[in-house]
Amino acid sequence: MSGNTYLNLSWLPQAPINFTSDCRAVAKLDSDVGLDLQRLANYSLNGNQLNRLSKVLGSLREGGKSLAPLSSFRLGVLSNSTIDFIIPALEATALRRGIALECVKADYGQVIQEALDPNSIVNRAKPDAVLVAIDLRYLMLREVPGNKHLSLELVAQALEHLRTIRDGIRKNSGAICILQTFVPFPEGLFGSLDRLLPGAPRQMLDALNIGIAESIYGTDDVLLDVAAIAETIGLANWHSPSQWNLAKLPFADELVPLYADHVARILGALRGKSRRCLILDLDNTLWGGVVGDDGLEGIKIAQGDSTGEAHLAVQRMALALRDRGVVLAVSSKNNDEVARRPFREHPEMLLKEEHFAVFQANWQDKATNIQAIAEELSLGLDAMVFLDDNPVERGLVRGILPQVAVPELPEDPALFARTLSAAGYFESVAFSSEDSKRAEYYQDNARRITLQKKAGDVDAYLSSLNMEIIFQPFDKTGRSRIAQLINKSNQYNLTTRRYTESEVADAEHDPNCFTLQVRLLDTFGDNGMISVVICRLSGTRCWEIDTWLMSCRVLGRRVQETVLQELLKHAGTCGIENLIGVYKPTDRNGMVKDHYPLLGFKSTSSESDGTTLWLLNVSTAEVNGVPMSVKSIGFEKLDPVSSSDGTYLPLDQ
Amino acid sequence: MELQEVYERLTQVMQDVFDDDDLIATPELTAADVDGWDSLKHIRLVLSVEKAFHISFSAAEVGNLKTVGDLAQLIRKKT
């Protein structure tokens, strides 16, 4: 059910199994507790977990530990129901938004008394803001079906009561008020007539909520639109009669984490902590498919195509966010020219180059790129949101740049836009004409910035992926996928030689061919076949690498080095002394121009069409340790190449 | 669900709610035996049990619980 996006806070990663011991470890820390607390809060946590985290926060605060760089915030809370479970959830959730929150709770049911008495618990505490968490049971708004005059009067009285609360708090504590809209009960009276008949339940409630919104607009006080949260979740899910009866819980207990997240967004916005820049991946995020492989015509972005429309919805949302002042940027593993083509030439694209302040399409890791974007825009990393369909990229950025918000995304791109919106990264408490001009202030010229320094330890992250690489010679099972990769891969493809399935089958049995099909597994699952290599015996004791290609999805994970290591191993077994690499340039494969020199091959010659030849001596070649475990299956049958009368290939340098 | 499994899973829930890894659910255990088992924690426990076992209790059922044994029996009846 897609409503679960909200209920489960599914933009946040699942809490680790050892969350409890992580909490205990942070409780014992001496320094940097602020960021550690924030890290723990950045999981999807249930009520018990939030409670645990708030205890850690409480004990660190009591111990006098510095909670920097978190901002402190004191929040008074008034309510007519049991909010004892909500308070710790608020304190723990606020950490997610960079706030060390301290709640001051009034006694049960004490609302107007607390507001009007200068010496009340909340007023005495001099809070920064007071959350008036009351619901319809407090107001007891009596329905008067058909009596328009009386209904207007009752709504006006209710609004006047709320005004008295606000004024009292302002006068006695100086704090601003966070007022809530009221959530209707699903139990109606007439049915659909409830919405229009003066004095019917919904009609009065609508008038009340509109009145509240109007009374707050343009003031310092702030609205928390609880009615909107409840609408999103469903009224029947929001209200739990059993839990109200059992313990006077104002709404279903399982919704406390969502409610707390919404309160924390408001507090974050009040403290200037809302995000200001959205960094977008391209392939399979802004459009369906991989532009470098599928081409301009092959990517899915058209109206009428279900995948295309899903990605268009992401573009539409990004554009709407830009209009309200969110700066847009791109971080994509792509060739710059190739990545810009859809923006320039595809008629269905809503986003154009001029909508982006920075456009980073290159083959460097994304953490390095995002850091460069933040510096270029003079926005902190904590102002960034990074949207990417690839869980490995998300994990890398979270690991190296924990300040960047990186929403989890579901498999189905139809839910990308919803998930981004549900996360509430860009919550604002006000909107001015300057906001709408902000994107322009950042000069949307889609500029490309040169990367200076690496952002962090990518290898350490790669090790944490528990990658397992599996090598096999071509076989019948892999045949059709091998042929597919050979005919589809354009970017990480050294020679772009296309072979039919039967030619692939021939290579399986050809004694002069050495073949590799490569699969990669990691903590996120099985990536399937991601690389293919064909070597042909050339001259004596020499393999020419006829084909070497790799899926761009696993770029930057040192797969090519591991493949070379495997090649060298088998070359040694087969008595091969030299590997010859061939690079045939096309308009798509510029990214592998330096594939061979980066792997330690020496240049031997170049031809007039741009083809370059490279040589590597098997016995002296060195490959650095690779961050994955290697498995070789099915190579036992291969006979060492028997040849004795070999002449050696000359090294002309 | 077998009573033994109920106790095993109940132990997990109780350890989570009371933040105490040494707590073991036994039939005779009552609120008086456990640190911090006040009326609010009691509600927290009931809600956590409902969620963990995918069941729900009426207020009357909750009111009749005297021991962990009562709770385990009630869970077994509903699962």
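The sequence lines fix the lettering, A, B, ..., with proteins before strands; numbering per chain opens at 1.
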Nearest-0.5 Å distance, CG of residue B:Asp16 to CZ of residue A:Arg52: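 B:Asp16 atom CG to A:Arg52 atom CZ measures 4.5 Å (nearest 0.5 Å).
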Residues in residues 48-65 of chain B near chain A [non-hydrogen atoms, under 4.5 Å]: B:Ser48, B:Glu50, B:Lys51, B:Ala59, B:Val62
Residues in residues 19-39 of chain B that sit under 4.5 Å from chain A, counting heavy atoms only: B:Asp19, B:Asp21
Contacts with chain B made by residues 9-30 of chain A (heavy-atom distance under 4.5 Å), listed by residue number: A:Thr20, A:Arg24
Close contacts, residues 238-253 of chain A versus chain B, judged by heavy atoms under 4.5 Å: A:Gln243, A:Leu246, A:Ala247, A:Leu249, A:Asp253
Part of B:Leu40 lying under 4.5 Å from any heavy atom of chain A: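 Both backbone and side chain.
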